[in-house]
Amino acid sequence: MSFLLRRSLVQRFEAEGLDVSAEEWAVLLILQSVPDLTATELSDRSMRDKTTITRTLDRLERKGLVLRLRDTKDRRSVRLSLSPMGQAVFEELARIAQGLIKQTLAGIAPEDVEQALTVMKRMAANLTEEQHGL
């Protein structure tokens, strides 16, 4: 299911002339929700290793979608945020993603969607607890 969603999402982005991968979309989505993260915080939230996040951020910065700014309180730290162009592109990507979500959930009762989400969250928590030795 995950592969189908990623592929459909990227195809929809491409059809609209937007050069954004599913990996880049995930980073933009997090930065939209929680601006001013460090790369380490973004890595933790996205559950991706720091190397992958750094490469993704490099691509997004080259595209003009993400800004890396020195933290005013700790100059050793860099904070990440969407650029003005990144914010505009995010709005378009979000519209496309919402359309995919609507299509994906068509004909499924809201209570079934809620139950599926609850089960998936529990599964993720089980794996997270395992990784942390709990």
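All values below were derived from every heavy atom in this structure, side-chain atoms included, with hydrogens, water molecules and symmetry-related copies excluded.
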With a 4.5 Å cut-off on side-chain heavy atoms, are [Y] and [X] touching?
| X | Y | result |
| --- | --- | --- |
| L4 | R7 | yes |
| L42 | V27 | yes |
| R79 | E41 | yes |
| S81 | L31 | no |
| K121 | T118 | no |
| R68 | D58 | yes |
| V78 | T38 | no |

| Does CZ in R45 sit with more than 12 non-hydrogen atoms of other residues, nucleotides or ligands closer than 6.0 Å? | no
| Within 6.0 Å of CD in Q11, more than 12 heavy atoms from elsewhere | yes
| message | Just to verify, which of V66, T52, L65 counts as forming a side-chain contact (heavy atoms from CB on, under 4.5 Å) with L57? | response | V66
| field | Charged N-O contact under 4.0 Å between E23 and R55 | value | no
| Salt bridge or not for K63 and E24, using N-O below 4.0 Å? | yes
| field | Verdict with supporting geometry, L117 and M120, side-chain contact (heavy atoms from CB on, under 4.5 Å) | value | CA-CA 5 Å; L117 289 173; M120 286 189 284; 4.1 Å; yes
Is there a path of hydrophobic side-chain contacts, each under 4.5 Å between heavy atoms, that joins [X] and [Y]?
| X | Y | result |
| --- | --- | --- |
| L105 | L29 | no |
| L18 | L82 | yes |
| F3 | L100 | no |
| I101 | I30 | no |
| M1 | L127 | no |

To the nearest 0.5 angstrom, please state how far the [atom1] atom of [X] sits from the [atom2] atom of [Y].
| X | Y | atom1 | atom2 | result |
| --- | --- | --- | --- | --- |
| S43 | K50 | OG | NZ | 6.5 Å |
| L80 | E61 | CG | CD | 9.0 Å |
| R95 | F90 | CZ | CZ | 13.0 Å |
| R48 | T56 | CZ | OG1 | 7.5 Å |
| R59 | R62 | CZ | CZ | 7.5 Å |
| I96 | F13 | CD1 | CZ | 6.0 Å |

| field | Polar contact flag, side-chain donor to acceptor under 3.5 angstrom, Q87-E91 | value | yes
| task | Taking all non-hydrogen atoms of both residues into account, name the closest pair between I53 and S46 and its distance. | result | CD1-OG, 3.3 Å
| message | Apply side-chain contact (heavy atoms from CB on, under 4.5 Å) to residues E14 and V10 and explain how you reach the verdict. | response | CA-CA 6 Å; E14 290 171 351; V10 170; 3.5 Å; yes
